[in-house]
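Numbering of ligands and ligand atoms starts at 1, following listing order. Given the structure is predicted, the values throughout are model-derived calculations rather than measurements. Only heavy atoms go into these numbers, but all of them, side chains included; no hydrogens, no water, no symmetry mates.
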Amino acid sequence: MPVNIAAYKQISTDLSKAKVSLVAVSKTRPVEEILGLYHLGQKDFGENYVQELVEKYERLPKDIRWHFIGHLQTNKVKYIAPFVSLIQSVDSKKLLNEINKQAQKNNCIIDCLLQVHIAEEETKFGFNESELAEIMNSDFSQLKNIQIIGLMGMASLTSDRKKIGNEFRYLKNQFDKYSQSSIINYQFSILSMGMSADYKMAVEEGSNMVRIGSLLFGNRD
Ligand SMILES: *Cc1c(COP(=O)(O)O)cnc(C)c1O
């Protein structure tokens, strides 16, 4: 199935009016399709698998901003650290320490989002409320090569719109809470929530970054 250009144009126009960033989730899709969107002006792409991301990075234009959005194993951070733009799926302090270490080796600062578990499904990763509080209150002074610039979450896979709305509202509240606190010396600026099925609702609830795959690229098998 080819890229849905009409859908891309509509969605990117609507989102830019609302000042919401669009991450095109290109996992499992070939480089030709990514280039199709790139030539229309799309620069932010999201991937879930380290090896796939590295291969695509090598083959595609270097001004693409790559977002890592899948579960990241600590032993694989080194492969993406030299070029990744934003790691959205930080789900442990151990991972954060490793990202810091690899960023140090690459002499760079890596932006990160903390992934918060807002869905009912156990299969999804992320911090619960108390774990998030714990990490936000921990000592970051040694981690000079990372910046936590916001939160990411995935709502439940359900047709219950009210439930999805509640989950997004909860995440927005957490985001606001930590945006206003001064426990870290950098600003929270990104609230990444919303996918193909629920991005409109996410934007209504205050998201400023959505991650959209199937609406642009068609359904993955
Ligand atoms: C696959 C994926 C998306 C995109 O999902 P679609 O339903 O295809 O839009 C967004 N976020 C994460 C974390 C994903 O793994």
Side-chain angles (χ1 to χ4, degrees), residues 1-12 14-15 18 20-30 33-34 36-37 42-53 56 64-73 76-77 80 84-92 95 99 111-127 132 149-161 163-165 167-168 170-172 174-175 190-221:
M1 194 187 288
V3 180
N4 189 336
I5 306 251
Y8 171 73
K9 287 186 172 162
Q10 183 68 56
I11 292 168
S12 62
D14 290 350
L15 289 174
V20 174
S21 308
L22 169 61
V23 176
V25 177
S26 48
K27 61 188 180 202
T28 79
R29 313 307 306 193
E33 293 187 3
I34 297 174
L37 288 190
Q42 181 65 25
K43 293 286 149 65
D44 291 273
F45 290 89
E47 291 283 338
N48 286 44
Y49 306 102
V50 167
Q51 189 173 343
E52 185 180 344
L53 171 54
K56 286 174 173 173
I64 286 180
R65 292 184 293 267
W66 291 106
H67 297 243
F68 195 81
I69 62 173
H71 179 61
L72 181 56
Q73 290 171 284
K76 298 205 170 150
V77 175
I80 62 170
V84 72
S85 173
L86 179 63
I87 299 177
Q88 298 206 8
S89 44
V90 175
D91 56 8
S92 71
L95 179 58
I99 295 170
D111 287 340
C112 299
L113 306 182
L114 299 179
Q115 182 170 353
V116 183
H117 190 274
I118 57 173
E120 62 188 0
E121 293 104 38
E122 279 298 323
T123 49
K124 288 179 177 147
F125 292 96
F127 296 106
L132 181 64
I149 59 169
L151 302 178
M152 184 272 256
M154 289 169 92
S156 296
L157 251 177
T158 171
S159 53
D160 183 348
R161 312 297 287 173
K163 183 175 175 62
I164 296 172
E167 292 172 353
F168 285 149
Y170 166 79
L171 188 57
K172 174 69 161 69
Q174 294 294 310
F175 177 78
I190 296 182
L191 176 57
S192 173
M193 60 183 196
M195 317 187 357
S196 290
D198 55 22
Y199 80 94
K200 286 187 181 160
M201 193 182 272
V203 169
E204 278 168 27
E205 297 297 343
S207 168
N208 60 23
M209 178 175 280
V210 297
R211 310 174 309 272
I212 298 184
S214 42
L215 278 183
L216 306 176
F217 295 102
N219 289 326
R220 295 173 296 272
D221 353 270

field: side chain to side chain donor-acceptor pair (under 3.5 Å) partner of Asp91, chosen from His71, Gln115, His117
entry: His71

query: Any donor and acceptor pair, going by atom type alone, linking the side chain of Glu121 with main-chain N or O of Leu157 inside 3.5 Å?
result: yes

query: Is it true that a side-chain atom of Asp14 and a backbone atom of Ile11 form a donor plus acceptor pair closer than 3.5 Å?
result: no

- prompt: Looking only at heavy atoms, what is the nearest atom pair of Ser89 and Gly70, with distance?
  reply: OG-O, 2.6 Å

- prompt: Listing by chain and number, which residues have a heavy atom under 4.0 Å from ligand 1?
  reply: Val25, Lys27, Asn48, Ile69, Met154, Met195, Ser196, Arg211, Ile212, Gly213, Ser214, Arg220

query: Between Lys163 and Glu167, is there a side-chain N and carboxylate O pair less than 4.0 Å apart?
result: yes

- prompt: How would you list, by chain and number, every residue that makes a side chain to side chain donor-acceptor pair (under 3.5 Å) with Tyr8, sequence neighbours excluded?
  reply: Gln42

